[in-house]
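Notes to accompany the following structure.
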Number of protein chains: 2
Amino acid sequence: MGNKKKSTIKDIANVLGITPSAVSKALNNHPRISKKTKKAVLQVAENLNYQPNHIATALRKGKSNLVGVIIPRANSNFFSSVIEKIEEVLNKKGYNVIITQSNESYEKECKNIEALLFTQVDGIIASMANETVKLDYYNKIKQKGIPLILFDRGENDLNVDYVGIDDYMSSHIVIDHLVEQGCKRIAHIGGFSHTRIYKNRIRGYFDALKKHNRPFEDNLIYECNLRQSDGRDIMKKIINLPDRPDGIYVSSDYAALGALEVMKENNIRVPDDIALVGFGNEPFSAISTPAISSVEQQSKKIGELAAKTFLKRISNPKEKVSLNKMILDAELIVRTSSKRK
Amino acid sequence: MGNKKKSTIKDIANVLGITPSAVSKALNNHPRISKKTKKAVLQVAENLNYQPNHIATALRKGKSNLVGVIIPRANSNFFSSVIEKIEEVLNKKGYNVIITQSNESYEKECKNIEALLFTQVDGIIASMANETVKLDYYNKIKQKGIPLILFDRGENDLNVDYVGIDDYMSSHIVIDHLVEQGCKRIAHIGGFSHTRIYKNRIRGYFDALKKHNRPFEDNLIYECNLRQSDGRDIMKKIINLPDRPDGIYVSSDYAALGALEVMKENNIRVPDDIALVGFGNEPFSAISTPAISSVEQQSKKIGELAAKTFLKRISNPKEKVSLNKMILDAELIVRTSSKRK
DNA sequence: TACTTTTGTTCCAACGTTTGAACAAATATA
DNA sequence: TATATTTGTTCAAACGTTGGAACAAAAGTA
């Protein structure tokens, strides 16, 4: 039917013979308005099916109550779970969440930022695309004085709040585990080292090897986009090496799955010939054959902290000083692909 | 730095010694404004780093240029791919997209709708939660005269635009294929029949069996939530049947994967003992062992049509009459799990 | 009773933009 | 030259809400 005319605060005022501003105050529970009036206003509002005009409020107050989120792709258990939690926390506080995907593309990411700024979001929570190196667009956000919180894929140079797991330590946990399972030579299929998290994982890989007196070998470390196809391609190279490694640590479950496929196709026994550990604890890692050991990234916790950090920033914007770098512990979920004993 | 003061149309006007309204018209390329003035305005706007206040425009024009999208969960290849396309089409037309997840919960879905209405979106594109039976909240959208487009999970009673694949025919294609592979008795693990798409798939399953003169057996059809765990649970029941079926058609790849696991755990050979077909063509269906045959749902096309339908509705709102029910053909991707010959 | 305080409301300007009407100046038409 | 048209701009109101100042009435205090 389309009950065309939306009712406004003015309509309510007319019904009751009071002014719009009294109605506004009544609705906002202003202390100076009598209980009687408040009750009446609420009643009439109900009757008229009144819905506050959010846009008018936003204009008047100078804030939209919208928070923008940028993720590389929604199609990932980690990100969709982070978002779910962000929504949960922010909705409770009256914020709405605009989710955008960058598809790992710098260009798309820039467009997303522009769109979010255009929409006048009150803040942005983002995880950077793999491709992103230039920080100009992110700096634009900062310059506008809009709270920016990064998670997972951060960037130290930006100097903003950050939430993520301890990537360096994650690598240690993984390598410790593989060594314990008897692996002598461990390869690493990692992300590009210009991204902070992958750089840290690579560093952790190095240092953990050193710690265990394992030699570092140049041809056992690879950087890629970590898609399933990348895992396949690199694994093909690895099995053609004169002497193969006996353990592989992959920075993504998708790439790990690709690697696993190739190994199966070549009758390499996992974990006996080569033990495999992935990253991200995607649902499929538990159900592939063999199930893939993987690092759990604390998505819920990350989402919660990111949202709460935003709320903190918005509530006292003056306190520009103390940045929050929140680094959580990761957890290795050991499954068949790396369990030899 | 936080360059605090945002510049407005008024600032530009002051610099040039003209009125704000002239500036507004210049920026909107009004025919009555001289080229000279337009040029000057653009120049000054550039210098002052002017960004139009979207909220003010929205208030004045009575539209927010925001479109809400509700999906059951982002963590699915189908949905994230639909969204990507919706974004692509709508962004081009100056709309921003707010994505919300219902997590298959009716309650969350209602909250999402409330939030979107509160934000004054110009339209809503949604796929209903499995749980949803009551349509009160969706009717609220309609009553407000806000364009509503459903996709995939629709509902005939709502009488709104819809885009989805031909679920009824999909079942025919699947059953035709399984029969051709020599299956004599085919089970179906489906969604709940109160959801239109699942009802249609079940109907298709029935009719296709009849077409091939296959008997229908009561204990070969199951309704569930189609999660991986549901697939497992039901498969366990199936393998305990006095005589097992030799083909299984599952309405979701997740549930199909669960079923596959159970079969492997029980040394049932797939496809030789039991042939398996899933639904949704999730990435993992191609990489599980064996790879799962699956129905491809045309996510890109669906997203595109949904977005374009919204644009059509918004451009001529009077034309309330002719609903658009767009039913696309699905395609069966045949993989190892059902290929006997 | 006269004065201060409190209570409940109205008044009014503001947020930044848009848009039709009004108007003056320039140009075209008779 | 007088009149009609076109061009480029200004004016003013509007979108719906908010919130401080102003104000009258009621209540409290001396």
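We name chains A, B, ... by the order of the sequence lines, and we start the count at 1 in each one.
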Length of the line joining A/N29:CG and C/dT9:P, which is rounded to integer Å: 13 Å
Among D/dG16, C/dT17, C/dG8, the one nearest B/N53 by side-chain distance: C/dT17
B/H30: ring-ring contact (aromatic ring centres under 6.0 Å, His included) partners, not counting sequence neighbours: none
Distance-only polar pair, side chains of B/T132 and B/E109, donor-acceptor under 3.5 Å: yes
Short side-chain N/O contact to C/dT10 OP1/OP2 from A/T19, under 4.0 Å: yes
d(CD1, B/I12; C1', C/dT17) in whole Å: 12 Å
Salt-bridge criterion met for A/R73 and B/E84 (N-O under 4.0 Å): no
Distance, rounded to the nearest Å, where A/N65 contributes CG and D/dG16 contributes P: 19 Å
Length of the CD1-P vector between A/I55 and D/dT17, whole Å: 11 Å
Contact nearer the 5' end of DNA chain D, comparing B/A22 with A/L27: B/A22
Closest to the B/R32 side chain, choosing from D/dA22, D/dG20, D/dG8: D/dG8
Rounded distance (nearest 0.5 Å) linking atom OH of B/Y138 with atom CG of B/L158: 8.5 Å
B/S34 side chain near D/dT9 phosphate (N/O to OP1/OP2, under 4.0 Å): yes
Touch class at under 4.0 angstrom, heavy-atom based, for A/P52 against every strand present: sugar-phosphate
Minimum-distance nucleotide to A/K61 side chain [options: D/dG19, C/dT17, C/dG8]: D/dG19
Phosphate-side-chain proximity, A/T8 and D/dC15, N/O vs OP1/OP2 below 4.0 Å: no
Nearest-nucleotide comparison on DNA chain D, the residue closer to the 5′ end among A/Y50 and B/P20: B/P20
Whole angstrom value for the distance that separates C1' of D/dA21 from NE2 of A/H30: 12 Å
Side chain of A/S21 (C-beta onward), nearest among C/dT19, C/dT17, D/dG19: D/dG19
Rounded interatomic separation in angstrom, taking CG from B/L48 and P from C/dG16: 14 Å
Separation of atom NZ in B/K25 from atom P in C/dA21, rounded to whole Å: 11 Å
OP1 or OP2 of C/dT9 under 4.0 Å from side-chain N/O of A/T37: yes
Nearest-0.5 Å distance, CD1 of residue A/I9 to CG of residue A/L48: 12.0 Å
Touch class at under 4.0 angstrom, heavy-atom based, for A/S24 against every strand present: base
For atom CD1 of A/I18 and atom C1' of D/dC23, their distance in whole Å: 17 Å
